[in-house]
Each structure stands twice: as structure tokens, then as C-alpha cells.
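Note that these values count all heavy atoms, side chains included, but never hydrogens, waters or copies made by symmetry. Note on naming: letters A, B, ... go to the chains in the order of the sequence lines (proteins, then strands), and numbering restarts at 1 for each one.
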Amino acid sequence: MKHLLTTSFLVAAATGAFAQEQGGRLDIVVQPEPPSLMLGLVQNGPTQMVAGHIYESLLRYDTDLQPQPSLAKSWEISEDGLTYTFHLHEGVTWHDGEPFSAEDVVFSADEFLRETHSRLRVSLNYVESITAPDANTVVFQLSEPFGPFINSFEAGTMPIVPKHIYAGTDYANNEMNATPIGTGPFKFEAWEKGSHIHLVKNEDYYLDGKPYLDEVFFRVIPDAASRAVAFETGEADVLPGGSIENWDVARLMEDEDTCSTGEGWEFLAPHSFMWMNNREGPTSDERFRQAVMYAMDREFVRDVVWNGFGKVATGPVSSRTNFYTDDVTDYSHDPDKARALLEEMGYDGEPVRILPLPYGETWQRWAEAVKQNLQEVGIEVEIDSADVAGWNQKTSEWDYDLAFTYLYQYGDPALGTARNYLEDQIEKGSPWNNVEGYRNPELDAKWAEAAVTLGKEERQKLYTEIQQEIVEDAPVAWLLELEFPTLYDCKVQDLVTTAIGVNDGLRDTWIKQ
Amino acid sequence: MAIATTVLGRLIKAAITLLAIVVLNFLLIHAAPGDPAAVMAGEAGAADEIFIAQLRERFGLDQPLYVQLWNYVGNIIQFDLGYSYRQGAPVFDLIMERLPATLLLTLTAFGISLLFGVAMGVAASARVGRAGDSVITGIALLFYATPLYWAALMAVLVFSVWLGWLPGFGYETVGGGFTGLSRALDILKHLILPATTLGLFFMAVYTRMTRASMLEVAQMDFVKTARAKGLPDRVIRRRHILRNALLPVVTLAGLQAGQLVGGAVLTETVFAWPGIGRLMFESLQARDYNTLLGVFLISAAMVILFNIVTDLVYRLIDPRIGATR
């Protein structure tokens with residue numbers, strides 16, 4: 001097993017130490033099968049992985065979350081943080097041959113995505129106007145200096161869609177959704193439902209020599225064990241993070257032709273925790289929630305259930321995200337402290353239900369580990385169960401005591417984290433808001449201020465205070481910063497070079513013959 | 001003529017049954033927790049109420065249940081299976097895309113199990129009590145008791161990973177560029193493992209059933225008569241015993257045939273076979289109501305159809321059935 005470091009990637013990219021070889025075919029496992037490839041309409045994981053190579057946004061982000069050119073070759077942000085000016089690449093064409101221009105960007109952000117993309121809407125609320133002074137310049141004028149706005153130009157967040165195809169149509173029912181047209185390094189060729197999606201090299205791509213690969217097959221293999229077999233038999237060259245069970249990851253990594261990297265998740269930075277219902281039952285008592293934090297042996301779970309992948313979470317913000325601090329209350333495994341807290345609150349043995357995530361065996365085992373930890377300190381536990389739709393229903397209708405989940409961070413606490421702790425995010429019907437029911441008006445004001453504060457240090461100060469106070473209140477039980485290693489055949493080079501990894505990285509990928 | 005009237009009568013009953021199945025399925029599916037809008041929003045990793053409300057409106061889920069049911073049944077009567085909003089395509093197209101692969105798999109499995117099952121049953125009954133019989137019944141018992149999922153994984157492990165003889169999954173070599181005969185051969189290679197695995201259970205059932213039935217019929221008076229007539233053993237076995245022993249096998253074959261469309265979920269999953277069983281399972285998880293109901297409807301229609309066919313085959317094998325009416 002060879003674990004590649006970022007530095008070696010960067011050095012290679014910067015100096016051209018390797019001569020990138022042209023040609024070849026790459027087979028990547030995608031799972032589950034995406035419902036659609038129209039990235040402006042559907043933003044689930046599998047769709048992003050495939051369509052992130054068909055569509056592009058203005059920027060990409062390296063593994064330190066620093067913005068890099070994509071459709072925009074350069075950009076400026078005014079000193080007051082209100083004006084974002086992007087200069088676009090010239091000579092870019094859509095896959096159908098039509099020229100791409102700033103008008104497409106204005107249409108995508110201001111009309112199309114405003115209507116269809118709920119996550120981007122949060123950022124667009126701070127945007128006063130989007131204009132195209134000329135064919136290669138786009139200007140975003142903000143009403144307030146919304147700090148995380150620079151993180152909004154990733155392919156899954158702001159995919160640029162063709163105006164000439166979508167303007168004035170019913171977006172969701174546009175016939176062209178079945179044959180997506182983007183500006184990206186690969187073109188859509190065919191989709192055999194249930195088997196594979198075939199992308200081919202965009203010969204007219206605007207960066208000279210790129211992409212290197214001739215074609216990419218995204219293989220749909222529904223069973224986790226079969227996906228591991230596909231990799232072993234060489235049918236698939238790449239197993240993106242999370243596509244096989246953890247014990248198979250450890251097993252496959254023993255092969256010396258197998259390379260792996262934990263990078264490529266910096267932008268999403270999946271952060272796992274258990275919602276604890278703050279409204280009723282034992283979990284409504286802060287001392288009970290703190291007792292849960294002390295009772296859990298999270299390092300054991302990381303080492304055994306996750307085979308050593310991941311990192312114990314210290315609080316609401318991931319250490320891979322901007323504005324993280326570890327200067328917070330330490331909830332290391334301490335059963336005695338947990339028992340003392342339970343005694344202090346007078347816990348009467350009322351049982352609590354744990355709802356695992358329905359994403360496979362790992363999550364089931366995790367729930368069992370937590371159950372055992374909690375029983376050790378005297379908490380009565382039952383494990384609940386549900387499929388994906390049932391899990392959505394139970395959590396979004398608040399029918400749970402403890403429920404496993406994980407949230408993406410999107411590079412900034414204002415985008416990924418705040419939504420789980422703000423009072424105005426308490427609303428039934430969605431599992432992506434303040435499901436636990438935490439209320440802290442004082443902190444709400446701080447969150448709001450931090451989002452539009454100019455200057456990194458000022459923002460850091462506010463977010464440090466926020467993290468310290470939330471960790472003390474323990475509205476949820478933070479678990480692990482999840483790590484989903486990507487496995488690949490070592491002949492594949494430069495596979496993961498960005499903060500979203502295989503979701504947009506194939507532009508630079510090549511195969512050593 | 002008699003057959004035509006019977007079939008017509010059965011078809012009318014079938015249509016009524018199907019309609020009842022449609023209504024029942026519809027209500028059952030809507031009783032399951034969650035809906036497609038919530039699942040789709042959930043997959044996006046972030047969603048606000050506007051987004052979910054938009055989806056519900058697009059899917060027509062914002063209307064009262066009885067209105068949705070009325071609309072759905074109305075469409076079905078006009079042979080319109082509706083639209084999968086999740087996959088952005090008409091359900092009929094989605095099903096037709098998957099149907100050939102599934103039928104190829106299940107029909108092959110059906111053929112394999114019936115052919116080998118009956119042959120092994122006949123062979124065992126001819127050697128009853130001897131070593132050959134024990135070997136065959138032993139094998140049948142093994143196949144009968146082995147869980148399909150495990151057998152499938154083992155088949156992949158042995159023949160694909162260890163020996164490398166056969167591809168472990170998929171319908172054909174992806175991007176292989178085969179055409180004509182070489183493509184057919186390629187598909188055949190991919191077909192062997194899943195079809196055999198899927199056929200094992202019913203093969204065992206047919207073996208046991210045929211053997212028991214053959215032994216039972218062999219005791220009957222008309223067989224003795226045939227023997228007394230001096231007919232050769234071979235002819236007695238084929239024309240007298242087997243023909244009569246096949247009736248229960250046909251009943252079971254009718255059952256298996258009913259599962260041709262929807263009965264291969266596990267096999268299709270393990271072998272990544274792009275069939276309808278997976279479409280069904282994925283639609284269930286996504287609460288893609290229209291697609292799921294469409295698959296159910298086609299499966300139900302197949303079950304009913306094969307019930308009718310089974311009845312007709314009975315008459316063919318044993319002309320006494322139906323002759324009195």
C-alpha cells in the first residue's frame with residue numbers, strides 16, 4: 001500500500017516532474033446509480049461524481065480549500081468584500097458546439113439555480129445583482145460581506161448550465177436533461193441504465209492537452225461485496241470513498257498495486273454526530289447529553305468499526321474546515337464522569353432509542369458500540385431501525401431520542417455547520433436543519449455576525465466563542481470526522497488533486513502505461 | 001371453443017384482480033414512511049422547505065391521497081404507467097429498458113432448472129435406493145438448503161476471483177465494442193453464473209418433486225397394465241409414468257414462471273445484472289411510487305398470465321382436465 005501525500009501531488013503538478021501520458025480508459029465505481037446527470041437539478045453524491053466532469057463552475061478548490069481557476073481564469077474581490085469580479089476563459093464552447101459566455105453564468109446563478117438549488121440559495125440571499133459587463137466578465141454584487149461566498153463556486157454548488165438550452169423552458173422536464181451538455185473535460189456519451197455511464201474526452205476542451213484520458217466508465221455495481229470483487233479482478237480501477245465496507249478497505253489495501261488516499265473530502269468534510277432530542281425525554285437534560293459524550297469511547301469506534309479511518313470530532317466544526325478550534329471542553333472517554341452526571345440529574349432509567357443511519361453494516365455496528373457504551377454507565381438503550389426513507393421521516397418529524405447522522409461542511413461554518421444550531425432552522429420536514437431543537441438566541445446573533453464579518457481573524461474569534469459555548473451545551477453528540485479513503489490502481493496518476501476529489505478531478509488524471 | 005371461452009373468462013377475472021392489486025399496492029406503498037420528495041431532498045445533503053414543497057408539487061404529492069389514487073387508476077386504465085420524476089422518464093420506458101435483461105436471465109434460469117431438475121429426478125427415480133439416487137438427492141438437498149445470496153457470492157469467488165474463468169458481474173463487457181455473434185457469446189459468458197445460481201433452488205425442487213412423483217405413479221395400476229402388455233421399460237417411463245408425474249412439476253413451474261419478472265432481485269444485485277428486480281428495489285428505497293407500482297403491476301400481470309398458461313398446459317398433458325366442462 002502506498003499512501004500518497006498532497007505535497008507530492010503539488011510538486012508533480014507544478015514542475016511537471018512526470019510527463020503526463022495521453023490516452024487510456026478509466027473505470028470508476030459509482031454507487032448508488034445516480035437518478036439524473038443534470039447537476040443543476042440534482043445534487044446527490046453519485047450525480048456529482050459523474051456530472052462534475054460534464055459541468056463546471058467558475059472555480060475549483062485545492063485540498064487546503066484555496067480557490068483555483070476553472071471556468072474563471074482569474075478573479076478579484078473588492079476590499080469591502082462586496083464585489084466579486086470573475087474573468088472567464090476565452091474560447092470555451094459547450095459540448096454541442098455553442099459558444100460559452102458570461103451570459104450563461106448570469107443565467108445559471110441568477111435564474112436557473114436560484115429556482116432549483118436550495119443550498120446555493122443560502123448564499124444567493126446575500127447577492128444583490130449578477131451582471132455580465134462583457135462576454136468574458138461576471139460581477140457578483142453582494143449586499144453584505146458574506147465571508148463564505150468565495151466557497152460557492154464549486155461544481156456541485158454552482159454548476160454553470162447552458163442558457164441556450166434552458167432559458168424559458170420548464171427546467172425539470174427539459175428533454176435535454178437526459179443528454180447533459182456542459183463545458184467540462186468529458187462529454188456525455190451513453191448511459192446503460194443499471195450497468196454504466198460512459199463519458200468521452202472533450203476534444204475541444206479549452207485547456208491545452210487536457211483531459212488526458214480518452215474515456216471514463218462509471219460502473220454501477222449495487223452490492224458492496226461485488227464492488228470489492230470488481231476492484232480485485234481489475235474490472236474497476238477506482239473505488240471512490242465509501243463505496244465498499246471498511247473491512248474490505250483494509251483488506252484491499254494490503255495489495256501492493258493498490259494505492260489509497262484520504263484526501264478529496266476537504267470541501268465536504270463529512271462530520272458525524274448523533275442528534276439528541278433536546279425537546280423531551282432524558283435527552284432534554286444537558287447533563288444527560290454530556291453524560292452521553294463522556295460515556296462514548298469514540299477512539300475505539302474509530303479503530304475498530306472504522307478500521308482506523310477518521311478522527312474524533314471535538315465539536316461542531318470539522319478540523320478540515322476553516323475557522324476550526326480545538327480549544328473546547330474535552331469529552332474524552334470517562335465513564336465515571338458520565339455516571340456522576342447521570343446521578344446528579346437523577347436519571348430514572350427511562351430507556352432511549354438509537355436510530356442508526358441506514359447506510360450499511362458499518363453504521364449498524366457503530367450503533368451497537370454506542371449502545372454498549374451507554375449501557376456501561378447505566379443508560380437503557382434500544383436500537384431502532386429504518387430504511388433511508390424511514391430515517392428521513394423519523395428524523396425530520398423528530399420521532400427519535402438519539403439519531404446518527406452526518407453533515408457536509410462545505411468549507412465554512414456558515415454554510416455547513418450553522419444550519420444545525422440556529423433557532424430559525426428548527427422546522428419539521430427536513431433532516432438537514434436544527435433537528436435536535438437547540439435554542440440559544442445569544443449564539444444565533446453571533447452566528448449571524450460571523451457570517452458577514454470582514455477579516456479572517458475577526459471571524460475566527462467569533463467562531464471560537466461559538467464552538468466553545470456549543471460544545472459545553474452538547475446539543476448533539478459529536479462522533480467522528482469521517483474519512484472515506486479512495487482506493488485506486490497505482491497506475492492511475494493525479495486522481496485526487498482537489499477538495500472534492502473524484503467529483504471533479506478527472507480533468508488532470510492520467511494513466512501510467 | 002371450450003378453451004377460448006375459459007380463457008376469455010379467466011382474462012376478465014384477471015383484469016378485475018389486477019385492478020384490485022393496483023389499488024392495494026398504491027395504498028400499501030403510500031402507507032410506508034417517507035416519500036420521494038423527502039428522499040430526493042435527503043440525498044442532496046441540504047434542502048430547505050421550499051425545495052421539498054416544489055418537489056411535492058411536481059410529483060403531485062401535495063394532493064389528497066384519494067385524488068392521487070383516482071388519477072393513478074385513471075391512468076392505468078388507459079395503459080399509462082405514469083412518469084418517474086426521480087429518473088425523469090416514463091415508467092413504461094424504464095421497465096422496457098430493463099425487461100430484456102431480466103427475461104434473458106430468468107428464462108435461462110427457468111430452462112436450466114426445469115431441464116436439469118426433471119432429468120435428475122427421472123434419473124434418481126430409475127436408481128431408487130442405489131448410490132446414484134443418494135448422490136442426486138444429496139445434491140438436490142444441498143441446492144435446496146443453500147441461501148441464494150451465499151451461493152452467488154461463492155460462485156463469484158470461485159469462478160471469477162480464483163479461477164478467472166467467467167466474469168463475476170455485469171451483462172456484457174463494458175466498452176468491449178463487441179457486435180453480432182461475439183457480443184452474443186460475451187453476454188452468454190456473463191449469463192452463466194447468475195442464471196445457474198438463480199436456477200439452483202428450483203432445480204432442486206423439480207428434482208425432488210419429479211423423483212417422488214415418478215415413484216408414486218410407477219405403483220399405479222395402469223403402469224402394471226402397460227408392463228403386462230409387454231411394453232419396453234423406456235416407453236413406459238416416458239409415455240406412462242413421466243407424463244403423469246409431470247403434473248405437480250407443471251404446477252411448480254407455473255409458480256416459478258410467475259416470478260420471471262420480479263423474482264431475481266438478489267441475483268441481479270450480486271451480479272450487477274441490469275434487470276427489473278434492481279429497478280424495483282431501488283425504486284422502493286427511493287419511494288419512487290410510479291416506477292415501483294409499474295413494476296408491481298407488470299409482475300402481477302405475469303403471475304396471472306402464467307396461471308392461465310399453467311392451466312392450459314395441464315390440459316395438454318392430461319386431456320381429461322377440462323374435458324368434462
| message | Regarding B:Arg98 and A:Glu33, does a basic nitrogen lie under 4.0 Å from an acidic carboxylate oxygen? | response |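 Salt bridge between B:Arg98 and A:Glu33, a charged N being under 4.0 Å from a carboxylate O: yes.
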[X] atom [atom1], neighbour heavy-atom count above 12 within 6.0 Å:
X        : atom1 : value
B:Trp165 : CH2   : no
A:Tyr171 : OH    : yes
B:Glu57  : CD    : no

| side-chain contact (heavy atoms from CB on, under 4.5 Å) between A:Asp223 and B:Tyr149, worked out | CA-CA 11 Å; A:Asp223 181 59; B:Tyr149 184 76; 3.1 Å; yes
Nearest heavy-atom pair of [X] and [Y]: which atoms, and what distance?
X        : Y        : value
A:Ser226 : B:Val270 : OG-O, 2.6 Å
A:Pro222 : B:Glu282 : CB-OE2, 4.5 Å
A:Ser195 : B:Pro274 : N-CB, 4.2 Å
A:Gln393 : B:Pro33  : CG-CB, 4.0 Å

Using side-chain heavy atoms (C-beta onward) and a distance below 4.5 Å, is [X] in contact with [Y]?
X        : Y        : answer
A:Arg227 : B:Phe169 : no
B:Arg287 : A:Asp387 : yes
A:Thr116 : B:Gln54  : no
A:Lys193 : B:Gln87  : yes

[X] versus chain B, the contacting section by heavy-atom distance below 4.5 Å:
X        : result
A:Ala190 : neither
A:Thr233 : side chain
A:His198 : neither

| Do B:Tyr85 and A:Asn173 have a side chain donor and acceptor closer than 3.5 Å? |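 Side-chain D/A pair, B:Tyr85 to A:Asn173: absent.
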| field | Top of B:Ala286, B:Ala32, B:Gly175, B:Gly168 for chain A proximity - count of heavy-atom pairs under 4.5 angstrom | value |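 Most heavy-atom pairs under 4.5 Å with chain A: B:Gly175.
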| task | Would you sort out whether B:Arg278 and A:Val220 count as a side-chain contact (heavy atoms from CB on, under 4.5 Å), showing the intermediate values? | result | CA-CA 11 Å; B:Arg278 267 170 62 199; A:Val220 181; 3.4 Å; yes
| task | Let me know if B:Leu94 has heavy atoms under 4.5 Å from chain A in its side chain, its backbone, both or neither. | result |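 The side chain, not the backbone.
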| Contact part of B:Val156 toward chain A, heavy-atom cut-off under 4.5 Å: side chain, backbone, both or neither? |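 Only the side chain of B:Val156 comes within 4.5 Å of chain A.
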| request: Output the distance between atom CD1 (B:Ile52) and atom OG (A:Ser118), rounded to the nearest 0.5 Å. | output: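 Those atoms lie 8.0 Å apart.
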| said: Check whether A:Glu235 reaches the backbone of B:Val174 with its side chain - one donor and one acceptor, N or O, closer than 3.5 Å. | reply: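 Between the backbone of B:Val174 and the side chain of A:Glu235 there is no qualifying donor-acceptor contact (under 3.5 Å).
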